[in-house]
Amino acid sequence: MEKIAFIGLGIMGRQMAANLLAAGHKLFVHARRAAAMAPLVEQGATACRSPADAARQAGVCITMVSDTPDVEEVLFGAGGVIHAAAAGSLAVDMSTISPEATRGFAARLSEKDITLLDAPVSGGEAGAVEGALSIMAGGPKAAFERALPLLRVMGKHIVHIGGSGAGQVAKACNQILVAQTILACAEALEFAAAAGVDAARVREALLGGFANSRILEVHGRRMLEDDYRPGFKAALHCKDLRNASASAAAMGVRLDGLTLAAERMRELVDAGGGDLDSAALAKVVRDNLRR
Ligand code: NAP
């Protein structure tokens, strides 16, 4: 059994950490708020004062925090992982962050003989609870193989995409697809309503045909029920689209659909919807269409 430092116990992290505990691993957890650690401590995890405190006691350090600057702080800030993790240890960042920054982090960690695997996930809170996440990994093959038994506890569909940052590139592709599908789903349901047709019946019909998708199924239901409890917060999706747009711009690649979806997601966040599920993009679509 592995000794694991786990940092970031939000919607996703707390469920992933709970699954690792249930599989018999020894967990050293850190979160900024003690309340976030309490349920895991009850299940047998050790609460740690800092990421370094957790990393010092473990051979593998998993991070599941919000954005690029957060991963940087957890790895390299005062009390960061790099100050305490042993040479030869493994860091697995499962947050969704910038691929370019990930490569920089990997290089900085390697100076202390710590290997970084980027392993962002898809599948939402339900996937985290069920240990059924899709995991896309980037980094050395040996590091992937070392992490695989742990990844298998948290996920079902696990693919080693390529070198450092490749997992984050795959996750950006995922977010590009998901955001545009949410937008398309919102437009289709709004179009049905504007035409005086029952949008719920339309969704029911479409679920059986070529337009079927997890987004139409899950997000479509949220839209029809006007239920935007997160799930995946719009602020986080906005962050992912911003990172994907920055990567596309850096490569000189023009992605019109991404630009539009990112703009609409930004409108949702600016209107105060950052803590809503990203399916609330439908509210922006509705407001814009009725203007
Ligand atoms: P969340 O509920 O907002 O949790 C993020 C956690 O990270 C919070 O507990 C936060 O602590 C902690 N954190 C942030 N910055 C930190 C720092 N500098 N030091 C220590 N802790 C820090 O987000 P989530 O939904 O679990 O998502 C986590 C990551 O997974 C994000 O990158 C997200 O994009 C990605 N993701 C999410 C989903 C989903 O459906 N939710 C799906 C796939 C991927 P505080 O509570 O103290 O703020």
Side-chain angles (χ1 to χ4, degrees), residues 5-19 28-40 47-55 61-82 92-99 101-102 105 118-137 151 154-158 167-168 170-179 182 214-215 218-219 222 228-244 265 269 274-280:
F6 202 110
I7 296 140
L9 303 170
I11 290 177
M12 299 294 282
R14 61 181 172 235
Q15 309 292 355
M16 295 155 70
N19 284 338
F28 299 87
V29 296
H30 170 72
R32 293 187 289 206
R33 293 171 300 107
M37 292 188 275
L40 287 154
C48 299
R49 287 186 315 276
S50 66
D53 187 21
C61 177
I62 299 178
T63 45
M64 192 54 171
V65 294
S66 313
D67 197 359
T68 309
D70 304 308
V71 175
E72 183 163 31
E73 188 187 331
V74 165
L75 294 178
F76 305 106
V81 168
I82 196 165
V92 183
D93 179 33
M94 304 190 77
S95 330
T96 305
I97 67 164
S98 147
T102 293
F105 295 164
D118 45 300
V121 308
S122 174
E125 188 180 15
V129 171
E130 290 156 19
L133 293 166
S134 169
I135 303 177
M136 35 218 119
L151 301 181
M154 298 178 276
K156 283 224 159 43
H157 190 72
I158 303 162
Q168 295 294 352
K171 176 67 190 188
C173 296
N174 185 83
Q175 297 306 75
I176 290 169
L177 258 170
V178 168
I182 292 175
R214 286 284 288 156
I215 304 294
V218 177
H219 297 69
R222 288 177 185 158
Y228 299 121
R229 284 171 295 173
F232 183 53
K233 291 175 199 157
L236 290 177
H237 209 151
C238 195
K239 170 261 303 181
D240 294 346
L241 300 177
R242 190 182 60 236
N243 283 337
M265 200 67 80
V269 172
D275 282 335
L276 299 177
D277 190 87
S278 65

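The first residue in the sequence is number 1, and the count goes up from there. Note: hydrogens, waters and symmetry copies are ignored here, and every other heavy atom, side chains too, is used. First listed ligand is number 1; within each ligand, the first listed atom is number 1.
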Test item: [X] and [Y] side chains (from C-beta on) under 4.5 Å apart, heavy atoms:
X    : Y    : result
P51  : E73  : no
I82  : L75  : no
Q175 : N243 : no
K239 : T96  : yes
Q168 : D93  : yes

Donor-acceptor pair, distance only, cut-off 3.5 Å: does the side chain of [X] make one with the backbone of [Y]?
X    : Y    : value
S278 : H237 : no
H219 : A279 : no
D70  : V65  : no

Please state which protein non-hydrogen atom is closest to [atom] and give its distance, to 0.1 Å?
atom                    : answer
atom 30 (O) of ligand 1 : M64 CE, 3.0 Å
atom 9 (O) of ligand 1  : G10 N, 3.4 Å
atom 36 (N) of ligand 1 : F232 CE1, 4.0 Å
atom 2 (O) of ligand 1  : I11 N, 2.9 Å
atom 29 (C) of ligand 1 : V65 O, 3.2 Å
atom 19 (N) of ligand 1 : V74 CG2, 3.6 Å

Requested in this report: I would like to know whether R14 and E125 meet side-chain contact (heavy atoms from CB on, under 4.5 Å); could you show each step before the answer?
Outcome: CA-CA 10 Å; R14 61 181 172 235; E125 188 180 15; 4.2 Å; yes
Any N or O on [X] sitting closer than 3.5 Å to an N or O of ligand 1?
X    : answer
G8   : no
M94  : no
K233 : yes
K239 : yes
H30  : no
S66  : yes
M12  : yes

**Report entry** Residue pair L133, M12: steps toward the side-chain contact (heavy atoms from CB on, under 4.5 Å) verdict
**Finding:** CA-CA 10 Å; L133 293 166; M12 299 294 282; 3.7 Å; yes
Nearest heavy atom to [atom] wins, so pick from [options].
atom                    : options         : result
atom 40 (O) of ligand 1 : A31, A128, G124 : G124
atom 44 (C) of ligand 1 : V121, L236, I97 : V121
atom 16 (C) of ligand 1 : R32, E125, E73  : R32

Query raised in the report: What's the verdict on side-chain contact (heavy atoms from CB on, under 4.5 Å) for F232 and I182, showing C-alpha distance, side-chain angles and the deciding distance?
Result: CA-CA 12 Å; F232 183 53; I182 292 175; over 6 Å; no
Counting from 1, what ligand 1 atoms have a heavy atom of [X] closer than 4.0 Å?
X    : result
T96  : 32 (O), 34 (O), 35 (C), 44 (C)
R33  : 45 (P), 46 (O), 47 (O)
L9   : 9 (O)
G231 : 41 (N)
K171 : 43 (C), 44 (C)
S95  : 32 (O)

Query - side-chain contact (heavy atoms from CB on, under 4.5 Å) evaluation trace for V81 with I7 - result: CA-CA 10 Å; V81 168; I7 296 140; 4.0 Å; yes
**Report entry** Among D118, V71, T63, side chain to side chain contact (heavy atoms under 4.5 Å, CB included) partner for I97
**Finding:** V71
